[in-house]
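Structure, as structure tokens:
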Amino acid sequence: MNRTGEQAAWQAVPVLRTDPLLDDPATRIVVCCGAGGVGKTTSAAALGVRAAERGRRVVVLTIDPARRLAQSMGLTELDNTPRRVPGVDTAAGGSLDAMMLDMKRTFDEIVEAHADAERARAILSNPFYQSLSAGFAGTQEYMAMEKLGQLSARDEWDLVIVDTPPSRSALDFLDAPARLGSFLDGRFIRLLAAPAKAGGRAGMRMFSLGMTGVSMVTGALGKLLGTGMLRDVQTFVAAMDTMFGGFRTRADATYRLLQDPGTAFLVVAAPERDALREAAYFVERLAADRMPLAGLVLNRVHGSEAAQLGAERALAAAEALEEPEHEAVPEDEPRPEDGTEPEHDAGAAGDGGGPEGTRSPVPEAAALAAGLLRLHAERMRVIARECRVRDRFAALHPEVPVAEVPALPGDVHDLGGLRDVGERLAVQPRAAGAGQPAATGTAADTSGGTSA
């Protein structure tokens, strides 16, 4: 598709309206997903504040290890327990709580809830379990699903907003629970558990006689991992045996919850090539998994109040202002009879005191204006580049609604900043036909091609 077609595709893209989404009582879960560094945590917090102040009882769950959510909400810290956010306007009857996932504590809670006291103590003290719960690949995302299921099942809130961890491999948030569930109740783990289930030395002999190949595998693993590690794994599996089915069952239930029409996925991106390429992958993956996509939040979009002045014209004007004026006296200018030099306007000549034929410095006001024009030209180049990658995304996914959030002059670090972001999300100038058509048509971009 050519550039004109891409621009036309953007004009036809539907506008993402966040207020109706947040106000709809049928919306019970909002999942903010996307690559790292695109403002996903800020977007989730801003949506939480806005929904709460419009009457929803909201809890925001962040899985991002960065603690910016707590700082922006005025909390000293967040942990695995939802905490009430102070300063939120509750006049409409809403409230806001926030928490940050502690994956080990969540895993411990699952064990304590689904095993008797003796078995729970054995599991929690097992060295293999301690390693698994603290850092096994996929544990964080699985526990996020567990926590989401717990929060959605409670009547304390009517809206759960999830800030997913940054991921380069699309939606680990969706993939990891299935992987961990397969690991915990798969053949390999049950193979390791067989000797313990057989019971004592007699059981081991029967196991070895009946399954010589399995015995060879476990023997090899014992040499590789060490007999102590293998014993820890087998003890852990034996203790967890009654819980294996529960892991898969709960993961499947939460997965179905995410496919429910009451869930809305928001893909968050910045108007940059790599971020929008990742966003396109998220959009395609969500569609493949039949997850309800609400739209794309495009963060940190640059604009200009003087978009009619393109980059080329601004640079030409800057160069004209920076051209020094000549002080040389024209040959045909009459000279005084006494032989002295004619007087000239000092202001017009710059410093008014240079010898004949020299150049005067650029006046300070002209130099300042030229500098501002060059800054404007650079801004217009940025706008053109952002519009180009945005338009290419729109051409590839014309059905995805988009909301743009203008770039802010500083970082968001308090409730006032979050309210501002929420307001900018809700009020979309493009919905009223007040876009920036001049930005793409007049700005020269010399940075080279990009693609979404």
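Positions are given from 1, in the same order as the sequence printed here.
The backbone N or O of G149 lies less than 3.5 Å from a partner atom in the side chain of S152, making a donor-acceptor pair. Under the 3.5 Å distance criterion, the side-chain polar atoms of K40 are matched with a main-chain donor or acceptor of T164. Here the side chain of R28 pairs a donor or acceptor atom with the backbone of D158 at under 3.5 angstrom. Without hydrogens or angle criteria, H376 side chain to A306 main chain gives a donor-acceptor distance under 3.5 Å. At distances below 3.5 Å, at least one donor-acceptor pair connects side-chain atoms of H114 with backbone N or O atoms of I110. Side-chain atoms of D89 do not come within 3.5 Å of backbone N or O of E53 as any donor-acceptor pair. Side chain of R290 to backbone of Q259: no donor-acceptor contact under 3.5 angstrom is found. A donor-acceptor pair under 3.5 Å is formed between the side chain of T263 and the backbone N or O of L257. In this structure, D97 contributes its side chain and R84 its backbone to a donor-acceptor pair below 3.5 Å. Within the 3.5 Å criterion, the main-chain N or O of D155 finds a donor-acceptor partner in the side chain of R57.
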Subject >> salt bridge (Lys or Arg N to Asp or Glu O under 4.0 Å) between E423 and R419, worked out >> reply: CA-CA 6 Å; E423 177 73 16; R419 290 190 183 99; over 6 Å; no
**OP:** In sequence, state the C-alpha distance, the side-chain angles, and the governing distance for L47 and L21, and then conclude on side-chain contact (heavy atoms from CB on, under 4.5 Å).
**Re:** CA-CA 10 Å; L47 290 169; L21 177 70; over 6 Å; no
**OP:** Quick one: do L22 and T27 satisfy side-chain contact (heavy atoms from CB on, under 4.5 Å)? Show the steps, please.
**Re:** CA-CA 7 Å; L22 298 177; T27 303; over 6 Å; no
**OP:** Would you check, one step at a time, whether the test salt bridge (Lys or Arg N to Asp or Glu O under 4.0 Å) holds for R424 with E404?
**Re:** CA-CA 8 Å; R424 291 168 185 260; E404 293 181 291; over 6 Å; no
**OP:** Determine, step by step, whether D252 and R256 satisfy the salt bridge (Lys or Arg N to Asp or Glu O under 4.0 Å) criterion, reporting the C-alpha distance in whole Å, the side-chain angles of both residues, the deciding distance to 0.1 Å, and the verdict.
**Re:** CA-CA 6 Å; D252 290 345; R256 290 192 298 271; 5.2 Å; no
Subject >> Step-by-step side-chain contact (heavy atoms from CB on, under 4.5 Å) determination, R50 to L425 >> reply: CA-CA 10 Å; R50 189 163 183 86; L425 259 172; over 6 Å; no
Original post:
Do V160 and V162 pass the side-chain contact (heavy atoms from CB on, under 4.5 Å) test, and can you show the C-alpha distance, the side-chain angles, and the key distance before you say yes or no?
Top reply: CA-CA 6 Å; V160 181; V162 183; 4.1 Å; yes
**OP:** Begin from the C-alpha positions of E272 and R277 and carry the test salt bridge (Lys or Arg N to Asp or Glu O under 4.0 Å) through to its verdict.
**Re:** CA-CA 8 Å; E272 300 165 1; R277 182 184 291 125; over 6 Å; no
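Side-chain contact between S304 and I383 is present, with heavy atoms from C-beta onward closer than 4.5 Å. Side-chain contact between E109 and N80 is present, with heavy atoms from C-beta onward closer than 4.5 Å. Between D19 and V427, every side-chain heavy-atom pair lies at or beyond the 4.5 Å cut-off. Looking at L16 and V402, their side chains never come closer than 4.5 Å, going by heavy atoms from C-beta outward. Taking the side chain as every heavy atom from C-beta outward, V400 and V283 approach each other to under 4.5 Å. Within the 4.5 Å cutoff, no side-chain heavy atoms of P25 are placed close to those of L159. You'll find the side chain of M291 stays beyond 4.5 Å of the side chain of R285, heavy atoms only. Within the 4.5 Å cutoff, the side chain of L373 has no heavy atoms near those of the E319 side chain.
Interatomic distance, L124 CG to F107 CZ, rounded to the nearest 0.5 Å: 10.0 Å. Rounding to the nearest 0.5 Å places NE2 of H413 at 12.0 Å from OG1 of T42. In this structure, the separation between CD1 on I123 and CD on Q130 is 12.0 Å, given to the nearest 0.5 Å. Atoms CG and OG1, from D163 and T41 in turn, are 3.5 Å apart once rounded to the nearest 0.5 Å.
A ring-centre distance under 6.0 Å is not found for F265 and F282.
For the side chain to side chain donor-acceptor pair (under 3.5 Å) criterion with K104, the lone passing option out of T106, D102, D108 is D108.
Across all their heavy atoms, V49 and L415 have their closest contact at CG2-CD2, 3.8 Å. Taking each heavy atom of L309 and A314 in turn, the nearest pair found is CD1-N, 4.0 Å. Of all the heavy atoms in A270 and A275, the pair that sits closest is O-CB, 3.6 Å. Closest non-hydrogen pair, E278 versus A35, comes out as CG-CB, 3.8 Å. Listed here is the closest heavy atom pair of V60 and A44: CG2-O, 4.2 Å. Taking all atoms of both residues into account, the shortest heavy-atom contact from A98 to V85 is CB-CG2, 4.0 Å.
Remark: R83 pairs with D79 by the salt bridge (charged side-chain N to carboxylate O under 4.0 Å, His left out) rule, at least two apart or across chains. With sequence neighbours left out, R154 forms a salt bridge (charged side-chain N to carboxylate O under 4.0 Å, His left out) with E156.
A salt bridge links R105 with E112: the distance from a Lys NZ or Arg NE/NH1/NH2 to an Asp or Glu carboxylate oxygen falls below 4.0 Å. No salt bridge links E312 with R381; every basic N to acidic carboxylate O contact stays at or beyond 4.0 Å.
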